[in-house]
Amino acid sequence: MKKIISGNEAIALGFTDGGGVFASGYPGTPSTETLEEVARLGEVYCEWAANEKVALEAAIGGSIAGGRSLATMKHVGVNVAADPLMTLTYTGVNAGLILMVADDPGMHSSQNEQDSRHYARFAKIPMLDPADSQDAYDMVRTAFEISEQFDTPVMLRTTTRISHAKGVVVPREKISPQVGEWVKDVPKYVMLPNFGKIKHVEVEERLLKLREYAETTPLNRVEMGDTELGIITSGVSYQHVREAFPNASVLKLGLVHPLPERKIREFAGSVKRLMVVEEMDAIFEEQIRAMGIEVEIGKNKLPLCGEINADLIRAALGDPVAEAAAPVEGLPQRPPVFCPSCAHRGLFTILSKLKTFVSGDIGCYTLGALPPMGAMHSVIDMGASISAAHGMARVNAIAGRDEKPVAVIGDSTFFHSGMTGLLSLAFNGGNALVIIMDNRATGMTGGQENPGTGKTLQGNPTRQVDMVPLVKALGIDNVFELNTYDLAATEAAIKKGLETPGPYVLIDRNPCVLRYKIRKPAMTVDQDKCTGCRACLKVACMALGLTASGERPKVQVDPNVCNGCGVCRQMCKFDAMHEIEGENNANL
Amino acid sequence: MPIFNIVIAGVGGQGVLMASRVLAESALASGLDIKQNEVHGMAQRGGSVISFVRMGEKVASPVVMPGSADLLISFEPLEALRYLHYLKPGGRLVYNKISINPSTVAAGLAVYPDDVEDQIAASCGNALGVDALAIAREAGNGKAVNMVMVGTVLKNLPLEEEVVTEVVKQVSKEKGVEVNLRALAGGAAA
Ligand SMILES: Cc1ncc(C[n+]2csc(CCOP(=O)(O)OP(=O)(O)O)c2C)c(N)n1
Ligand code: SF4
Ligand code: SF4
Ligand code: SF4
């Protein structure tokens, strides 16, 4: 039966229908819904790992034990999982093993725009690049077949417009999962140098065989049309190409590593002008040029940064694009903000006031870097807050600056890769104030469970790690609880942490209000008492707004948006705010 | 039938995704190919959201290009203005008149223009503004703004109204069916 599903849902269904046995992953936009959907479908065992390295290693174990396995993550997750990946390519697999990675061209919600196709070349493994939900569904099955036939992990790569775009999928006949033998094979799975040397040779031989496979597989498809123009493309770019030039000849690559050299040469020879359309890096183009084939239009006309679309492709060939009015300029931006009554708001209100350097991390709290708070001064990758703060403190000490850095990190990020930084801080007697925002949710990506929430991916009860003893066990003596809804107490606690030399940890335990659907009575502003001083606006809550014009506009609270945390009220020196009695029916 | 392009704009948390789903499922039920796409990721509320729904015999790209939308549905006036350039000449705009402050306005860093509706009227000759919140509340739940908005464009879709109604029944949670159907009808009457 036909269904409308996203690329992520299609991969989950393809895995469930394709003999999948075990899946593990770590949330990260735009990959997250894949594992959530495997769980929702409920037929195959799956779990959230503490980070991507753990997820891939667990999937490797699943494969060695004979079950078709899947690991899911976003592009930067592969950096975390790169260590197992680069040796997994040597060991190969037992049952089929897929690493699903979701890239984010255009950086809709990521810290960088890296192109995962480099990893397939780096690890010398095959990579599939679906062009819509149906492709994504079908390619899971093909990926397992390739994995088992060639004894290799396979990367299944999507981009945001594949993972999140919905299209029509017709599912195929289901394969029932078979669990193979759990084999002991020391030369295959123990990568001591002597075994590794033999394996490296095999990896190179495998790549040659895969090159042959690439020439004949239907994954790489020539659609002959007008021979004036030939376009080599893959993934969502294929759809944009079809949109822009329905009549052009197209070589659609489904297997994007290794490339089919003969097929490309033949295609290039059959068209007058050759164009390569790929998002981000010039990976096809450089390889095609290295084959000695002339590419007339490629990155000389198309961007290396951001997404590609039909208009960019038309423009690259000098074709007209639909006439559109210019976007209206000067409109107020609408960036995301902390939810009304999010516990992060109070923390950043105080950090902003104290003007101290904040070494940040990745999560909802990263929004603390934006105006009007502007209270986060470095954000690199998950877990960097604590380790970078440690380096800052060391250099500060050498320079004779007695300023202690603050690190801010969330619970999911702490479990992911913050714990090792804290351990190292304690080990080296560092000097940083670490604030852990333990809202018991992986908030940024939609509130997923993590080792601190007490629930598994399926929502079943499980062991909940206890943050305070954990932090103490890592070697920190000064560990105190924090309540960021109380601004005065928060300020006092942070000042104390900054004044006390050595590692110092504050833990806020207020839950994510969005994830746990927490509702409190809304605030209202007494218009007679409000002086329009705007002190309350510093908390950056979208429920607050100025009354229309006037010389000194006053503040109003939108009762459909306010969730009554009372943080803004603590900023008011004129006692102009109070709670509205009764239920909160906030629309958000 | 040429491809019919719809852009739905709004603010995170308003139910833009559900409205997109109803339109996509209705097209599928009518035997059309569809692509639907929105960019989401950040869980926090309050960001600008834009979703594309494309329907036709065969749809390739999931993305609607500026200047090519047949229909723009906006859940908020400022967002209507922000994405107005997606409409093709003569394209239809329906927007919810109830404004939501962007965080930049809430923080006093920017001002919400007081002539948003005038600007819309000046650049789009085929626009309709409705108080979707009032209609949703009348239907029984302020959260049904998304179904109201779908109702307002029923006549503009290349789909039978009954098909859309049927899909709304299917996708609604049991206790929400009645409210959603009233919201849909309320939107259609606006
Ligand atoms: C290596 C890597 N994996 C995944 C992500 C996606 N991601 C961004 S923030 C985040 C976790 C946020 O959770 P938490 O630290 O608990 O903070 P919260 O959002 O709840 O405030 C994740 C998984 C990422 N940016 N990098
Ligand atoms: S999703 Fe949770 S952590 Fe993120 S801003 Fe909203 S309340 Fe805060
Ligand atoms: S308006 Fe004030 S009380 Fe209401 S959610 Fe925002 S900060 Fe909290
Ligand atoms: S802080 Fe108080 S007096 Fe000042 S603008 Fe806000 S509500 Fe009005």
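This structure is a prediction, so every number in the text was calculated from the model and none was measured. Only this structure's heavy atoms are used, side chains among them; waters, hydrogens and symmetry mates stay out. Letters A, B, ... are given to chains in the order of the sequence lines, protein chains preceding strands, and every chain is numbered from 1.
Atom CZ in Arg92(B) sits 13.5 Å away from atom CD1 in Ile6(B) (nearest 0.5 Å).
A donor-acceptor contact shorter than 3.5 Å is absent between the side chain of Ser31(A) and the backbone of Ala102(A). Within the 3.5 Å criterion, the main-chain N or O of Ile5(A) finds a donor-acceptor partner in the side chain of Ser133(A).
Considering only residues two or more places apart in sequence or on other chains, Arg314(A) meets the salt bridge (charged side-chain N to carboxylate O under 4.0 Å, His left out) condition with Asp311(A). Partners of Thr152(B) under the side chain to side chain donor-acceptor pair (under 3.5 Å) rule, at least two apart in sequence or in another chain, do not exist in this structure. Here Phe75(B) pairs with nothing under the ring pair (Phe, Tyr, Trp, His ring centres under 6.0 Å) rule; sequence neighbours left out.
Put simply, of Arg515(A), Glu323(A), Gln333(A), the one with the most heavy-atom pairs under 4.5 Å next to chain B is Gln333(A). Counting heavy-atom pairs closer than 4.5 Å to chain A, the top residue among Leu28(B), Ile3(B), Val63(B) is Leu28(B). Chain B forms the most heavy-atom pairs under 4.5 Å with one residue out of Pro372(A), Ala131(A), Pro335(A), and that residue is Pro335(A). When Gly15(B), Ser61(B), Gly47(B) are compared by the number of non-hydrogen pairs under 4.5 Å with chain A, Ser61(B) comes out ahead. The greatest number of non-hydrogen atom pairs below 4.5 Å with chain A, out of Leu84(B), Leu81(B), Asp33(B), is found for Leu81(B). Per-residue heavy-atom pair counts under 4.5 Å with chain B were compared for Ala324(A), Pro332(A), Ala322(A), Ala325(A), and the maximum is reached by Pro332(A). Highest contact tally toward chain B, considering only Glu243(A), Lys3(A), Glu307(A), is held by Glu243(A) [criterion: heavy-atom pairs under 4.5 Å].
No side-chain donor from either of Asp103(A) and Thr159(A) sits under 3.5 Å from a side-chain acceptor of the other. A donor and an acceptor atom, one from each side chain of His75(A) and Glu113(A), are nowhere located under 3.5 Å apart. A donor atom on one side chain and an acceptor atom on the other are not found under 3.5 Å apart for Lys538(A) and Ser352(A). For the residue pair Ser51(B) and Gln36(B), a side-chain donor N or O sits within less than 3.5 Å of a side-chain acceptor on the partner.
With a 4.5 Å cut-off on non-hydrogen atoms, Ala326(A) touches chain B through its backbone but not through its side chain. Heavy atoms of Val236(A) lying under 4.5 Å from chain B belong exclusively to its side chain. For chain B, the nearby part of Arg534(A) is the side chain; its heavy atoms alone come within less than 4.5 Å. Proximity to chain B (any heavy atom under 4.5 Å) is restricted, for Asp132(A), to the side chain, taken from C-beta onward. Contact annotation for Tyr83(B): neither backbone nor side-chain heavy atoms come within less than 4.5 Å of a heavy atom of chain A.
Contact residues of residues 102-112 of chain B toward chain A are Pro102(B), Ser103(B), Thr104(B), Val105(B), Ala106(B), Ala107(B), Gly108(B), Leu109(B), Ala110(B), Val111(B), Tyr112(B) (heavy-atom distance under 4.5 Å).
A salt bridge links Lys97(B) to Glu117(B): at least one charged side-chain nitrogen sits closer than 4.0 Å to a carboxylate oxygen.
When all heavy atoms of Pro30(A) and Asn8(A) are compared, the pair lying nearest together is O-ND2, 2.7 Å.
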